[in-house]
Structures are given as C-alpha cells and as structure tokens.
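Data block below; observations after.
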Amino acid sequence: MAAISPRGGSRRRTINEINMVPFIDVMLVLLIIFMVSAPLITTGVVDLPSVGKSRQQPEQVIHVMVAADEKLKLKLDKAEPEAVQLSALAERVKQAQAGKDNSPVVISADKSVKYEAVIKVMDVLQSAGIQRVGLAVRQGAVN
C-alpha cells in the first residue's frame, strides 16, 4: 500500500487576514491634513435681521389677532376688537383701510397657536391684494 501524505498535496493556504497597517497610515495622514487645515478655514458670518422702531408711526394700524383657540379678532387703532371669520377677514380689512392702501396690517398671535393658522390669515390677506401685511414681534427676551 502506498502511504498518503497528511498534507494532501502541495496546496498553499490562503491568508484570511487583512493587513491593517496601510489603512491606519492613510487615516493618520488624513487626520494630520484636517488638523493643519482646520484653523485656516474662515467661518461664515450670518447677518441676522434686527427689529427696529419706525421713525414715523403710520396714521392707522389694523391689528388682526389670532387667539389661542384660533378665533380671529380685528382691532382698528384704539377701538375695541371685534370678532371676525376668516372668510370675511379680507373684506373687513379692505373696509377698514377705506382706500388707504398704505395702512399696515399687523398679525399678532398667541404663542400656543399653530404656525399654520397664522400663515392662513396672512395668505388670505395677501391673496386679497392687501399690500402691507406683517407679523407683530415681542421686544426683549423670549420666555
């Protein structure tokens, strides 16, 4: 009988390991490049708008107030606010302007009102052709 060699022939074993040294070298080079170039990058400066006071107060200001339950009230100068529906809002504002298209319309809303409700009011006014529509802001720190 012939003897069988335990190796099973002259086959070479494949290496199942990955050599990590080149990978680590590349990562260290990239790290050094970023560390050197990071201080040279200039950061962009964003100029935020600020709210200033108007030099001259308008003759008439029309306030549209959105309550916490999303009900609308219309207030003309120092008069008492009156309830108004969204469908009739544009017509009431045009009546209040009485031909003075430069009368500003200021929308103020409770802080718990959804943003969508305020945008609906603004959209109704702008689609009716009312030119000066703005949002009321609170001066000072926000709580």
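The structure presented is a predicted model; accordingly, all values stated were derived computationally and were not measured. All heavy atoms count here, side chains included; hydrogens, waters and symmetry mates do not.
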What's the spacing between [X] [atom1] and [Y] [atom2] if we round to 0.5 Å?
{"X": "I119", "Y": "Q126", "atom1": "CD1", "atom2": "CD", "result": "8.5 Å"}
{"X": "E80", "Y": "L74", "atom1": "CD", "atom2": "CG", "result": "12.5 Å"}
{"X": "I32", "Y": "L28", "atom1": "CD1", "atom2": "CG", "result": "6.5 Å"}
{"X": "Y115", "Y": "M122", "atom1": "OH", "atom2": "CE", "result": "7.0 Å"}
{"X": "L72", "Y": "Q85", "atom1": "CG", "atom2": "CD", "result": "7.5 Å"}

Are any of the side-chain heavy atoms of [X] and [Y] separated by less than 4.5 Å?
{"X": "P81", "Y": "M65", "result": "yes"}
{"X": "V61", "Y": "L76", "result": "no"}
{"X": "K73", "Y": "V64", "result": "no"}
{"X": "L89", "Y": "V93", "result": "yes"}

Indicate if [X] and [Y] have the same hydrophobic cluster label, given that clusters are the connected sets of ILVMFWY residues with side-chain heavy-atom separations under 4.5 angstrom.
{"X": "L30", "Y": "V21", "value": "no"}
{"X": "I33", "Y": "V36", "value": "no"}
{"X": "V106", "Y": "V118", "value": "no"}
{"X": "F23", "Y": "V26", "value": "yes"}

E82 and K75: salt bridge (Lys or Arg N to Asp or Glu O under 4.0 Å), yes or no, with the steps? CA-CA 6 Å; E82 60 184 67; K75 181 180 177 184; over 6 Å; no

Would you name the heavy atoms of S103 and I62 that are closest together and state the gap between them? CB-CD1, 4.5 Å

Other residues, nucleotides and ligands only: do more than 12 of their heavy atoms fall within 6.0 Å of CD1 on I18?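 Not more than 12 within 6.0 Å, no.
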
Report the residue from L86, V121, D110 that forms a side-chain contact (heavy atoms from CB on, under 4.5 Å) with V66.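 Among L86, V121, D110, the one meeting side-chain contact (heavy atoms from CB on, under 4.5 Å) with V66 is V121.
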
Is it the case that the side chain of K94 and the backbone of A128 share a donor-acceptor pair, with hydrogens and angles ignored and the cut-off at 3.5 Å? yes

Carboxylate-amine/guanidinium contact K114 E70, below 4.0 Å: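 Answer for the salt bridge query: no.
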
